[in-house]
Amino acid sequence: MTSPVQHPLIDHHLGILRDVSTPPALFRQQVHRLASLVAVSATADLPVEETEITTPLTKMSGRKLKPRIGIVPILRAGLGMVDPMQDLLPDAEVWHLGMYRDEETSQPVEYYCKLPEGRPCDVVFILDPMLATGGSVLSAIDALKRWGCQDIRILSLIASRPGTERLEREHADVKLFVAAVDPELNENDFIVPGLGDAGDRIFNTPQ
Ligand code: PRP
């Protein structure tokens, strides 16, 4: 069963993220902060290799990241997590997936997917602050598996328990790193207690 990443800073910043009175500028900062905190766990076992470093005083042996890494934000809300991930992984490739959730059916509708032919990244991080029914993330996983990716990791901020259970059932090989797992979805498939609509709060597009 998926457990959220535990850290006092995550608890603190999640409270501000969830608060309905948090304005868009602060909301975006909270998304950055939380994405960085969750990213520490999501990257903890990345392979490294030896490299020689020359300091102003001497030579020494250091380590550098070995895999070719992909960052895959799901538009729109995933865009809010790209900057902090690129800060931590400056050599990563960024591949975008466009998806929105149909308001009537809650099914994901793909509107942009331009992954390259062949040569899949060694490790890919799907970015989406919300995992509600899980439909959008599952569709992204399908696209990445068609590309040939084997090590797929999801970075999210709030997931629903039904969504994490569906992910575990359908893609047991994909690891989810998330700041909180909320207990339920409401009749409109919104996460409760949740934070509302992350995309609308990041981009200040109230419905
Ligand atoms: C939201 C969210 C996820 C998806 C989660 O996106 O950012 O992508 O819904 O729901 P699911 O797990 O049930 O698929 P939305 O459709 O609101 O698009 P947006 O990011 O453009 O606002």
Side-chain angles (χ1 to χ4, degrees), residues 1-2 4 13-14 17-20 22-25 27-35 38-39 42 70-85 94-115 124-145 152-172 174-207:
M1 192 164 88
T2 302
H13 289 297
L14 257 178
L17 185 84
R18 289 182 188 273
D19 193 322
V20 66
T22 297
F27 188 88
R28 288 192 290 273
Q29 287 185 325
Q30 294 309 103
V31 170
H32 277 219
R33 290 176 176 129
L34 286 159
V38 174
I71 296 172
V72 181
I74 300 181
L75 311 182
R76 293 173 302 166
L79 289 176
M81 301 168 76
V82 172
D83 282 354
M85 279 300 274
V94 182
W95 297 99
H96 298 83
L97 290 181
M99 242 171 261
Y100 70 87
R101 206 170 71 154
D102 183 282
E103 281 178 16
E104 298 297 318
T105 64
S106 294
Q107 294 301 307
V109 180
E110 187 180 284
Y111 60 88
Y112 185 80
C113 179
K114 198 159 176 275
L115 297 171
V124 284
F125 294 94
I126 297 173
L127 309 184
D128 195 329
M130 309 296 286
L131 191 159
T133 66
S136 303
V137 154
L138 292 183
S139 178
I141 293 169
D142 287 340
L144 291 172
K145 286 192 171 174
I152 301 174
R153 306 174 185 208
I154 301 161
L155 232 85
S156 188
L157 301 186
I158 302 185
S160 77
R161 181 54 72 199
T164 64
E165 288 172 352
R166 183 175 173 199
L167 176 67
E168 287 156 17
R169 270 197 315 275
E170 298 192 24
H171 292 284
V174 173
K175 302 174 207 93
L176 169 64
F177 298 87
V178 65
V181 179
D182 285 4
E184 56 189 6
L185 297 167
N186 70 11
E187 63 281 6
N188 298 318
D189 286 327
F190 269 69
I191 302 173
V192 181
L195 54 69
D197 186 308
D200 286 338
R201 295 189 67 177
I202 289 170
F203 294 107
N204 194 20
T205 52
Q207 297 295 312

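Each ligand, and each atom within it, is numbered from 1 in the order the structure gives. Everything numeric in this text was worked out from a predicted model, so none of it was measured. The chain is numbered in sequence order, starting from 1.
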For this session: Distance to 0.1 Å, residue and atom name: give those for the protein heavy atom nearest to atom 4 (C) of ligand 1.
Result: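 Answer for atom 4 (C) of ligand 1: Ser136 OG, 3.6 Å.
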For this session: Among all protein heavy atoms, pick out the one at the shortest distance from atom 19 (P) of ligand 1; state its residue, atom name and that distance to 0.1 Å.
Result: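 Answer, as residue, atom name and distance: Arg76 NE, 3.6 Å.
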Problem set entry | Sub-4.0 Å heavy-atom approach of Leu131 to ligand 1 |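 So Leu131 counts as touching ligand 1.
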Exercise. Below 4.0 Å from any atom of ligand 1, is there a heavy atom belonging to Gly134?
Worked result: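 Yes, Gly134 has a heavy atom closer than 4.0 Å to ligand 1.
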Problem set entry | Distance-minimising heavy-atom pair for Asp189 and Ser106 |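 Residues Asp189 and Ser106, closest heavy atoms: OD2-OG, 2.7 Å.
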Problem set entry | Main-chain N/O of Phe190 paired with Asn188 side-chain donor or acceptor, under 3.5 Å |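 Not at all, since once roles are kept as given, no pair shorter than 3.5 Å links the two residues.
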Exercise. Hey, is the main chain of Ile191 close enough, under 3.5 Å, to the side chain of Ser160 for a donor-acceptor pair?
Worked result: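 Answer holds: no.
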Exercise. Side chains of Trp95 and Leu144: closer than 4.5 Å at any heavy-atom pair?
Worked result: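 No, side chains not in contact.
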Between ligand 1 and [X], is the shortest N or O to N or O distance under 3.5 Å?
X: Arg101; result: yes
X: Ser106; result: no
X: Ile74; result: no
X: Asp128; result: yes

Judged by modelled atom types alone, do [X] and [Y] share a side-chain donor-acceptor pair under 3.5 Å?
X: Thr205; Y: Arg76; value: yes
X: Asp19; Y: Thr22; value: no
X: Gln207; Y: Asp200; value: yes

For this session: Using side-chain hydrogen bond (donor to acceptor under 3.5 Å, both in side chains) as the criterion, point out the one residue from Arg18, Gln30, His32 that pairs with His13.
Result: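 Among Arg18, Gln30, His32, the one that satisfies the side-chain hydrogen bond (donor to acceptor under 3.5 Å, both in side chains) with His13 is Gln30.
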Ligand-residue contact atoms, ligand 1 with [X], heavy atoms, under 4.0 Å:
X: Met130; result: 2 (C), 3 (C), 5 (C)
X: Gly199; result: 22 (O)
X: Ala77; result: 7 (O), 20 (O)
X: Tyr100; result: 16 (O)

For this session: Apply the side-chain contact (heavy atoms from CB on, under 4.5 Å) test between Ile74 and each candidate in His96, Met99, Glu110, Met81; give the one that qualifies.
Result: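 With Ile74 as partner, side-chain contact (heavy atoms from CB on, under 4.5 Å) holds for just one option, Met99.
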For this session: Give me the one residue out of Leu176, Asp182, Val178 that meets side-chain contact (heavy atoms from CB on, under 4.5 Å) with Thr164.
Result: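 The side-chain contact (heavy atoms from CB on, under 4.5 Å) with Thr164 is passed solely by Leu176 among Leu176, Asp182, Val178.
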Exercise. Counting heavy atoms only, which of Asp197, Ile191, Leu75, Leu97 comes nearest to atom 17 (O) of ligand 1?
Worked result: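 The residue whose heavy atom sits nearest atom 17 (O) of ligand 1 is Asp197.
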Exercise. Is at least one protein non-hydrogen atom found at under 4.0 angstrom from atom 1 (C) of ligand 1?
Worked result: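 False for atom 1 (C) of ligand 1.
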Problem set entry | 4.0 Å protein heavy-atom contact status of atom 13 (O) of ligand 1, strictly under |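 Within 4.0 Å of atom 13 (O) of ligand 1, protein heavy atoms are found.
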Exercise. Taking non-hydrogen atoms only, is Thr133 closer than 4.0 angstrom to ligand 1 via side chain, backbone, both or neither?
Worked result: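 Both backbone and side chain.
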